[in-house]
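Residue numbering restarts at 1 for every chain, and letters A, B, ... go by the order of the sequence lines.
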Amino acid sequence: MYDQNKVEEKWQQIWDKNQLFQQTENGSTVGDGKGGAGDGTGGTVDGVGANDSENIYLLFAFAYPSGSGLHVGHVESKTALDILARYYRMKGKNVFFPVGWDAFGLPAENYAIKTGVHPSITTVNAINTFRKQIKRIGISYDWANEIATSHPEYYRWTQWLFLQLYNKGLAYQKDGKVNWCPSCQTVLANEQVVEGLCERCDTQVEQKDMRQWYYQITKYQDELIGGLDDVDWPAATKAQQLNWIGKSEGINITFKVVDSDVTIDVFTTAPTNWGASFMVLAPEYPGLEKLVTKENKKEVAAYVDATNKKSELNRSISKEKTGVFTGSYVKNHVTGENMPVWISDFVLAGVGTGAVQGCPGHDMRDFEFAKKFRIKIPRVVVGPDGNDSPIDSPEKVIDKSMPGTMINSEFINGLSYKEGLKKTMDYFEEKGWGKRVTSYRLRDWLISRQRYWGTPIPVLYDPDGNPHAIKESHLPWELPTDVDFKPTGESPLKSSQEFAQRTRKYVVEVHSDLIKEKGWDASGEGWRPEFDTMDTFVDSSWYYLRYVDSRNTDVFARTKQIEKWLPVDLYMIGPEHIVLHLLYSRFFTKFLRDEGYFKFSEPFTKMRHQGMILGPDNKKMSKSKGNVISPDDIITKFGADTLRVYEMFMGPLESDKPWDIRAVIGIYKFLQKIHKLTAELELEEVSGEAKVKLQRKLHQAIKKVSDDIPKLKFNTAIAFMMEFVNLWQDVMIKENKTLSIEDKIAFIGVLAPFAPFLADELYETISKKVSSEASYGGVHQTKWPEFSQELAKDDLITIPVQINGKVRAQLEVIADKVEDEKAILDMAEGLESIKKYIDGQEIKKKIYIKGKILSLVI
RNA sequence: GCCGCGGUGGCGGAAUUGGUAGACGCGCGAGACUUAAAAUCUCGUGGUAGCAAUGUCAUGUGGGUUCGAUUCCCACCCGCGGCACCA
């Protein structure tokens with residue numbers, strides 16, 4: 001028995017003292033205690049002369065330091081990356097494995113509103129807790145480059161980034177309808193509205209007219225699609241990003257209103273125009289009043305009014321189609337018929353042009369609408385069944401996702417559905433009736449937030465209300481501290497005296513010429529700062545760049561540092577960040593590339609998601625369900641190594657899996673067994689047959705673990721280590737002999753990334769036996785064990801023999817014999833258990849797959 | 001509705017360029033040690049028939065391809081995640 005808690009705390013202190021995991025001037029990991037700095041001034045990650053292909057950047061999702069501390073899910077993903085980091089270091093690579101805090105955000109501010117404790121205090125406390133817990137589970141982070149988004153030396157560069165975007169016209173102000181959360185008292189980005197509710201608090205989101213700041217992410221929409229081909233990400237993640245960007249190619253067709261100069265544009269991806277029999281506009285359609293005839297005015301007004309009262313969510317769940325006729329008609333270009341123009345709430349103002357042409361035979365929504373209001377339903381497509389009867393039921397509607405052939409459409413008759421649509425578009429463009437366009441679902445990113453605890457938007461407004469960006473030389477434009485946190489719908493920054501004073505001082509210093517010219521008050525009176533702060537996703541979508549030069553005061557990061565480490569080799573992040581964070585990060589990367597700061601276009605070469613650890617009841621852990629497992633409890637009972645190895649053993653990293661309270665004990669026993677076997681120093685070394693068997697298993701284990709770690713298949717790596725340990729124990733019990741010192745050290749090396757504390761303890765125990773030197777040069781500084789093909793080779797291979805597809809016998813073959821097909825066949829046919837089945841019959845077919853299987857057919 | 005992922009013992013899971021289904025761990029059963037318990041160790045453990053050797057069924061369901069299918073193809077059922085009156 002060993003006291004894991006005492007041992008683990010001892011090693012944690014030794015690692016800390018020796019600054020093991022910092023990247024220093026020479027690009028190597030420090031082992032002599034001279035590099036890095038633990039005093040908060042930080043080291044740098046300069047890597048002059050280092051071989052670039054040997055540099056590996058491992059990144060864990062930026063964490064929000066919540067008050068509740070580390071949970072078991074954090075432990076899983078951090079441990080997974082830590083295993084990789086430790087493995088690659090032992091393989092002689094330069095590993096950059098930084099840590100930091102996404103420290104701005106609502107929870108700390110909401111806590112301040114409730115208790116009056118300033119968010120900066122709450123945040124520092126939470127970070128301290130996290131840091132302590134992370135060190136306790138032995139994550140080998142590079143603490144010298146720790147960053148926090150709420151630190152002025154970090155958000156200085158968040159503001160700098162704003163200025164660059166502003167200078168290029170990619171940060172701009174716009175009036176318009178925005179998503180407003182009445183509970184959080186702030187606007188939200190489209191990405192933060194989930195099914196009409198606020199992502200954070202589930203409050204129904206309202207629409208409000210406000211002037212806000214936006215980042216023009218849509219400039220990069222096509223590149224954001226194309227870039228996905230160049231990265232190794234899960235297919236589901238790519239699909240979701242594509243879905244979100246929502247590119248669709250179609251045509252804008254201009255219709256002329258009959259007896260009027262007014263025109264209406266519709267967007268469609270499927271112009272079955274010989275089948276178009278009506279038009280529908282969104283109730284919010286601009287210029288609607290010009291189309292409504294006197295007789296229809298009252299009805300239309302009532303419908304528009306009713307729609308305005310419905311939220312977008314309610315609009316989308318109402319099943320039955322509704323609508324009213326405007327009284328106007330448009331002329332169908334190809335049929336010459338007049339099409340009635342209706343309004344209906346199923347057409348959304350924000351999608352396409354806010355107007356659609358109704359082709360009821362070939363679109364389900366149009367069909368429902370036409371059916372209800374008794375509008376003509378022409379058929380212009382027949383399906384593969386050739387049925388060309390009138391379309392009078394939903395089953396007969398042939399939409400663009402189905403196969404079909406064009407009919408009743410003049411010169412495109414007989415073409416395939418797809419070809420027909422293409423030809424129609426060509427024809428409409430030729431005639432000047434329409435123009436091909438690409439439409440996107442993606443909108444520009446609204447970054448203004450009416451909250452306190454965030455990065456101030458570095459802008460001032462002059463007495464005329466025109467914005468002026470803060471000069472780069474005056475950054476950071478600091479967040480004031482003397483504010484009233486109570487949310488009022490306007491930013492709390494408005495209540496700061498210091499902020500107002502600072503603004504006047506700045507204005508007098510920087511804008512004196514303008515003030516003189518305009519004749520404004522010379523004291524800076526009449527100017528105001530921007531009171532809104534930035535969405536915290538702005539902070540957290542460029543942090544991976546800052547890490548590599550975290551203490552630089554001249555630039556957000558030097559190009560040589562960025563190009564040395566980036567793009568990130570492996571990004572481990574929760575599946576919840578697929579849309580927001582990743583899209584924004586990719587946008588910033590592409591922008592800064594265009595600005596010339598580096599050459600790559602995608603920040604994260606390879607990405608994987610960790611699954612969720614569920615409660616023992618197979619449900620998502622939550623305080624209200626009482627199924628939360630605390631990592632601290634597990635550590636107290638079993639130690640951090642057990643916690644780490646258990647979480648890695650539970651199953652594949654990417655899948656969700658329930659916590660099994662009892663299974664933890666199995667890992668605990670496994671580690672205790674290793675300690676017992678290794679720390680046994682008096683026994684004689686095993687020899688002969690047993691030695692061969694044991695060494696074979698050991699080298700197979702080295703191979704298996706070396707193969708599995710880069711593939712993130714930690715569960716099977718651990719399973720094989722268990723097999724080895726079981727055999728080792730078996731030999732020790734039966735022979736009363738054990739492994740050689742060298743082989744023990746090799747095994748400890750393989751174990752080290754998984755159970756770093758135990759491995760270092762055992763390494764020390766053995767080292768003391770061999771030499772009396774006391775200085776630390778632990779297992780984590782050693783080279784990864786060499787695997788020997790020779791020693792790992794099996795001498796006997798078992799080949800199953802099948803007759804008519806069923807296994808009927810096993811053939812034990814000496815390893816060098818597996819190539820000899822004839823010998824194998826003879827041996828098999830000589831077996832009693834096989835003769836029995838053949839029983840004089842002719843063997844029709846003999847299939848031998850070398851070393852795998854022999855299959856006989858009779 | 002569309003897109004994506006998944007379905008294997010009592011439980012977590014292993015095995016896929018098609019080659020012995022159930023590695024490893026948990027749980028369970030029996031035994032050793034012990035005055036006893038814990039710890040530790042040994043053996044067994046998919047269903048079914050059998051004392052056993054062995055046979056047979058079995059990877060969500062139903063078909064197919066193949067000497068051989070958890071793996072490939074077709075049709076379906078169920079669960080999870082995302083998007084959604086997107087024109």
Side-chain angles (χ1 to χ4, degrees), chain A residues 1 194-195 234-244 246-248 250 266-271 280 282 312 315-319 321 344-348 350-359 363-366 368-369 399-401 439-441 575-576 578-579 612 614 616 618 645-646 649-652 654-667 669-670 672-673 676 713 715-726 729-730 733 798-811 833 843-858:
Chain A
M1 288 294 286
V194 179
E195 290 181 358
T237 305
K238 291 187 183 183
Q240 277 186 50
Q241 289 233 334
L242 284 176
N243 221 335
W244 188 265
K247 181 175 181 169
S248 58
V266 301
F267 174 73
T268 177
T269 56
V280 193
E312 200 155 302
R315 267 172 78 161
S316 69
I317 53 175
S318 58
K319 283 187 193 95
K321 291 278 178 290
S344 172
D345 65 3
F346 87 83
V347 178
L348 305 174
V351 178
T353 59
V356 299
Q357 54 177 1
C359 303
D363 180 284
M364 196 53 79
R365 293 158 311 195
D366 295 350
E368 286 167 7
F369 194 82
D399 71 34
K400 63 170 188 269
S401 68
S439 133
Y440 296 85
R441 184 182 177 279
E576 68 277 13
I578 287 171
V579 173
M612 207 191 313
L614 307 170
N618 230 318
V645 178
Y646 171 66
F649 185 66
M650 288 171 86
E654 65 278 12
S655 50
D656 295 347
K657 39 209 175 280
W659 189 275
D660 185 345
I661 292 162
R662 292 174 307 195
V664 179
I665 197 89
I667 300 298
K669 284 187 198 167
F670 167 61
Q672 290 284 345
K673 201 188 279 183
K676 199 180 79 186
K713 293 177 68 175
N715 52 336
T716 49
I718 294 166
F720 205 92
M721 285 194 268
M722 287 173 169
E723 285 191 51
F724 166 71
V725 170
N726 288 345
Q729 174 176 269
D730 195 51
I733 286 170
T798 306
I799 295 175
V801 183
Q802 288 187 340
I803 292 178
N804 291 344
K806 293 200 181 213
V807 177
R808 296 301 183 185
Q810 309 284 341
L811 207 54
S833 48
I843 301 175
K844 288 186 195 134
K845 220 170 178 180
K846 301 170 185 176
I847 300 149
Y848 175 59
I849 309 293
K850 262 177 220 159
K852 292 233 166 129
I853 202 162
L854 176 64
S855 186
L856 305 175
V857 186
I858 51 176

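Here the closest non-hydrogen pair linking A:G851 and A:Y848 is N-OH, 3.1 Å. Nearest heavy atoms, A:Q810 versus A:T798: OE1-CG2, 3.4 Å. When all heavy atoms are compared, the tightest approach of A:K673 to A:V725 is CD-CG1, 3.7 Å. Scanning all heavy atoms of the two residues, the minimum distance from A:R365 to A:K321 falls at O-CE, 3.7 Å. Nearest approach of A:K846 to A:I843, heavy atoms of both residues: CG-CG2, 3.6 Å.
Regarding A:D399, its CG atom lies at a distance of 10 Å from the P atom of B:C2, rounded to whole Å. Here B:A38 presents its P atom at 13 Å from CD1 of A:I665, a figure rounded to the nearest Å. What separates CG of A:L242 from C1' of B:C2 is a distance of 14 Å, to the nearest Å. For A:M650 and B:G25, the CE to P distance is 17 Å, given to the nearest whole Å. Regarding A:E654, its CD atom lies at a distance of 20 Å from the P atom of B:C80, rounded to whole Å.
Using C1' as the reference atom, B:C26 and B:G19 are 30 Å apart when rounded to the nearest Å. Between B:G9 and B:U59, the two P atoms lie 9 Å apart (nearest whole Å). Taking atom P in both B:U65 and B:A14, one finds a spacing of 32 Å when rounded to whole Å. Taking atom C1' on both B:U70 and B:G22, the two are 11 Å apart, rounded to the nearest angstrom. Remark: the separation of the P atoms in B:G46 and B:C11 is 13 Å, to the nearest Å. Spacing between B:A15 and B:A21 at atom C1', rounded to whole Å, works out to 7 Å. Taking atom P on both B:A23 and B:U34, the two are 33 Å apart, rounded to the nearest angstrom. Of the P atoms belonging to B:U71 and B:U17, the separation is 13 Å, rounded to the nearest Å.
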What N/O pairs connect the protein and nucleotides 14-24 of chain B at under 3.5 Å? Give each pair on its own line.
{"residue": "B:A14", "atom": "OP1", "partner": "A:N715", "partner atom": "ND2", "Å": "3.0"}
{"residue": "B:A15", "atom": "OP1", "partner": "A:K713", "partner atom": "NZ", "Å": "3.1"}
{"residue": "B:G19", "atom": "N2", "partner": "A:Q802", "partner atom": "OE1", "Å": "3.1"}
{"residue": "B:U20", "atom": "O2", "partner": "A:Q810", "partner atom": "NE2", "Å": "3.0"}
{"residue": "B:U20", "atom": "N3", "partner": "A:Q810", "partner atom": "OE1", "Å": "3.4"}
{"residue": "B:A23", "atom": "O2'", "partner": "A:E723", "partner atom": "OE2", "Å": "2.8"}

Where do N or O atoms of nucleotides 3-8 of chain B meet protein N or O atoms at under 3.5 Å, pair by pair?
none

Atom pairs, N/O to N/O, protein against nucleotides 44-48 of chain B, distance under 3.5 Å?
none

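Dashed line: the shortest gap from a side-chain N or O of A:R662 to OP1 or OP2 of B:G12 is not under 4.0 Å. Considering only side-chain N and O atoms, A:Q729 lies under 4.0 angstrom from the phosphate OP1 or OP2 of B:C41. In terms of phosphate contacts, A:K657 brings no side-chain nitrogen or oxygen within less than 4.0 Å of OP1 or OP2 of B:G12. A sub-4.0 Å separation between OP1 or OP2 of B:A87 and a side-chain N or O of A:K400 is present. OP1 and OP2 of B:U54 both lie 4.0 Å or more from every side-chain N or O belonging to A:R808.
With hydrogens and angles ignored, the 3.5 Å screen pairs a side-chain donor or acceptor of A:K657 with a backbone N or O of A:P652. For the pair A:Y646 (side chain) and A:D660 (backbone), a donor-acceptor distance under 3.5 Å is present. Here the side chain of A:D366 pairs a donor or acceptor atom with the backbone of A:C359 at under 3.5 angstrom.
Looking at A:N804 and A:V857, their side chains come closer than 4.5 Å, going by heavy atoms from C-beta outward. Put simply, the side chain of A:I667 reaches to within 4.5 Å of the side chain of A:M722, judged on heavy atoms. Residues A:M364 and A:D399 are not in side-chain contact: their nearest non-hydrogen atoms beyond the backbone lie 4.5 Å or more apart.
For the atom pair CG (A:N243) and CD (A:Q241), the distance works out to 10.5 Å, reported to the nearest 0.5 Å. We find the OG1-NZ distance between A:T269 and A:K400 to be 3.0 Å, quoted to the nearest 0.5 Å.
Within the nucleic acid shown, A:K247 has no heavy atom closer than 4.0 Å to any nucleic acid atom. A:V356 comes within 4.0 angstrom of a base, heavy atoms only. When heavy atoms are screened at a 4.0 angstrom cut-off, A:D366 is found touching no nucleic acid atom at all.
Shown here, B:G29 is classed anti by the O4'-C1'-N9-C4 or O4'-C1'-N1-C2 angle, which is more than 90° from 0.
For A:D660, the side-chain atoms get nearest to B:C26 when compared with the rest of B:C67, B:C26, B:A87. Relative to the side chain of A:V351, the nucleotides B:G27, B:C57, B:C86 differ in distance, and B:C86 lies closest.
When the salt bridge (Lys or Arg N to Asp or Glu O under 4.0 Å) test is applied to A:R808, no partner is found at least two apart in sequence or on another chain. Every residue two or more places apart in sequence or in another chain that forms a salt bridge (Lys or Arg N to Asp or Glu O under 4.0 Å) with A:K850 is listed here: A:E819.
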Could you go through A:V664 and A:W659, starting from their C-alpha distance and side-chain angles, then the distance that decides it, and tell me whether this counts as side-chain contact (heavy atoms from CB on, under 4.5 Å)?
CA-CA 9 Å; A:V664 179; A:W659 189 275; 3.9 Å; yes

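Nearest-nucleotide positions on RNA chain B for A:K669 and A:G805 put A:K669 closer to the 5' end.
Paired runs in RNA chain B that reach 3 or more consecutive Watson-Crick or G-U pairs, where each pair keeps both distances under 3.5 Å, cover B:1-7 with B:77-83, B:10-12 with B:24-26, B:27-32 with B:40-45, B:46-49 with B:54-57, B:60-64 with B:72-76.
The base of B:C67 lies outside donor-acceptor range of the side chain of A:K846, with no N or O pair under 3.5 Å.
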